[in-house]
Amino acid sequence: MSYFNLEKIQFEGTGTENKFAFHHYNPDEVILGKTMREHLRFAVAYWHTMVADGSDPFGEGTYRRDQDIKGSTPMEVAKYKVEVFFELLDILDIDYFCFHDVDIAPQGNSLEEFFDNLDEITDLIKEKMDKTGKKLLWNTANMFTHPRYVNGAATTTNAEVYAYAAAQVKKGLDISKKLNGENYVFWGGREGYESLLNTDMQFELDNMARFFQMALDYSEKIGHQPQFLIEPKPKEPTKHQYDYDAATTMAFLQKYDLDEHFKLNLEANHATLAGHTFEHEMTVARSYNALGSLDANQGDLLLGWDTDEFPTDLYSATLAMYEIIENGGIAPGGINFDAKLRRTSMDKEDFILAHIAGMDTYARGLKAAARLKEDRFFEKILEERYQTFQDDLGQRILNNEEDLESLSKLALSLSEVKVDSSHLEYYRSLLNDYL
Ligand code: XYL
């Protein structure tokens, strides 16, 4: 079958007029000792490509592809989507994919029916994976769309809902084992609160930690231990989500002794919503050795919601790739395009063009970051900025040989303290030369 009627996208460089070509992403090109494919580990998100239709809270779907989704029963449609999805992965030459349970199979009329449907669809997905070599970066359980999760899943007020959520995660881990998932994600869209007037925050956080521990225990029991990831987001849909940002999530994990088993799946647009840059979130995660994986997208700084746009911002992609290089790579995580087409990009070829745009942006980011690394661009800035800590006094402070009394005595003896300029504008301009 051919849904898109396109050949596999090739690297053609910037001179090409072919819009179905990579201008910068050259999978086999070696940069800093690894191929671009190995550095970038791109993944496609099932929900945005196979499920979203371009609707927003004010308007209906706009994508001109729904009529092409063939099949008369929900299961036939689900199977057809698997075919289309693997064709898309092949055209884009992307090795990995990610999904929520509800993206791939209809929920039917009972949990049992949902699980049966998942078994049937994951059989098909497995068959496709075996044939094509495509890999599961991560899967996750959608515990935020159905009305039963109105008060949360692991932080719900209702014990039966907690059990339901546990069943979905158990199934999610069984699927991860079956498909050899490299990571498993928890995004707590409804894990938070609307009002403290009716919320026992401590109780809910204890329950969330208990829930994560159950997932760890089960994964050990079945002998399949993917890298567990938590995806922070400050708000939307819940007013205040518990996994607000990287730092808040790490505090939670440390408090409950879970930090050894979890890393973070960081999303650019979530960083924006939290009032941070993407690179801020990545730096915080790195400082805890918890940079796990990325949801690559971008928000709109003029809007206050999660627009999930395909990433085209070179500046942000460069700084993100620099963090990945500093991290020694992103594996077993990857760069997942948690990004949706604008409502106005409604042609089915836009699914391909948008991914090419995101891949080329991150490829350019990688190349720029590698040059920054080779030139020791940031290292030199930092060495200069913290220079006084290399001098006598600085070294004594770093070696814990000083205390408040000795430092006070020294400060009183100083006639003038000279603080150097940061020359920040100059460095920003130099950085622009790398993009
Ligand atoms: C929504 C989130 C999700 C997670 C997976 O803001 O980004 O799509 O990535 O549940």
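Each ligand, and each atom within it, is numbered from 1 in the order the structure gives.
Residue-to-ligand polar distances place E267 within reach of ligand 1: an N/O pair is separated by less than 3.5 Å. Where the criterion is an N or O separation shorter than 3.5 Å, residue side chain and backbone included, D338 meets it with respect to ligand 1.
Heavy-atom separations between H270 and ligand 1 include at least one value shorter than 4.0 Å. Remark: distances from the non-hydrogen atoms of D295 to ligand 1 include one below 4.0 Å.
The CD atom of E323 sits 10.0 Å away from atom CD1 of I330, with the distance rounded to the nearest 0.5 Å.
The closest protein non-hydrogen atom to atom 2 (C) of ligand 1 is E231 OE2, 3.3 Å. Taking atom 5 (C) of ligand 1 as the reference point, the nearest protein heavy-atom neighbour is H100 NE2, 3.2 Å.
Contacts with ligand 1 closer than 4.0 Å are made by side-chain heavy atoms of D306 only, the backbone lying farther away.
In this structure, Y162 has its ring center closer than 6.0 angstrom to the ring center of F211. A centroid separation of less than 6.0 Å is found between the aromatic rings of F351 and Y63.
In this structure, L118 and I175 have side chains that are in contact, with non-hydrogen atoms separated by less than 4.5 Å.
Close contacts between ligand 1 and K233 involve ligand atoms 6 (O) [criterion: under 4.0 Å to a heavy atom].
Environment of NZ in K131: sparse, with no more than 12 heavy atoms of neighbouring residues, nucleotides or ligands closer than 6.0 Å.
In the model, Y149 has no side-chain atom that pairs as donor or acceptor with a side-chain atom of E191 under 3.5 Å.
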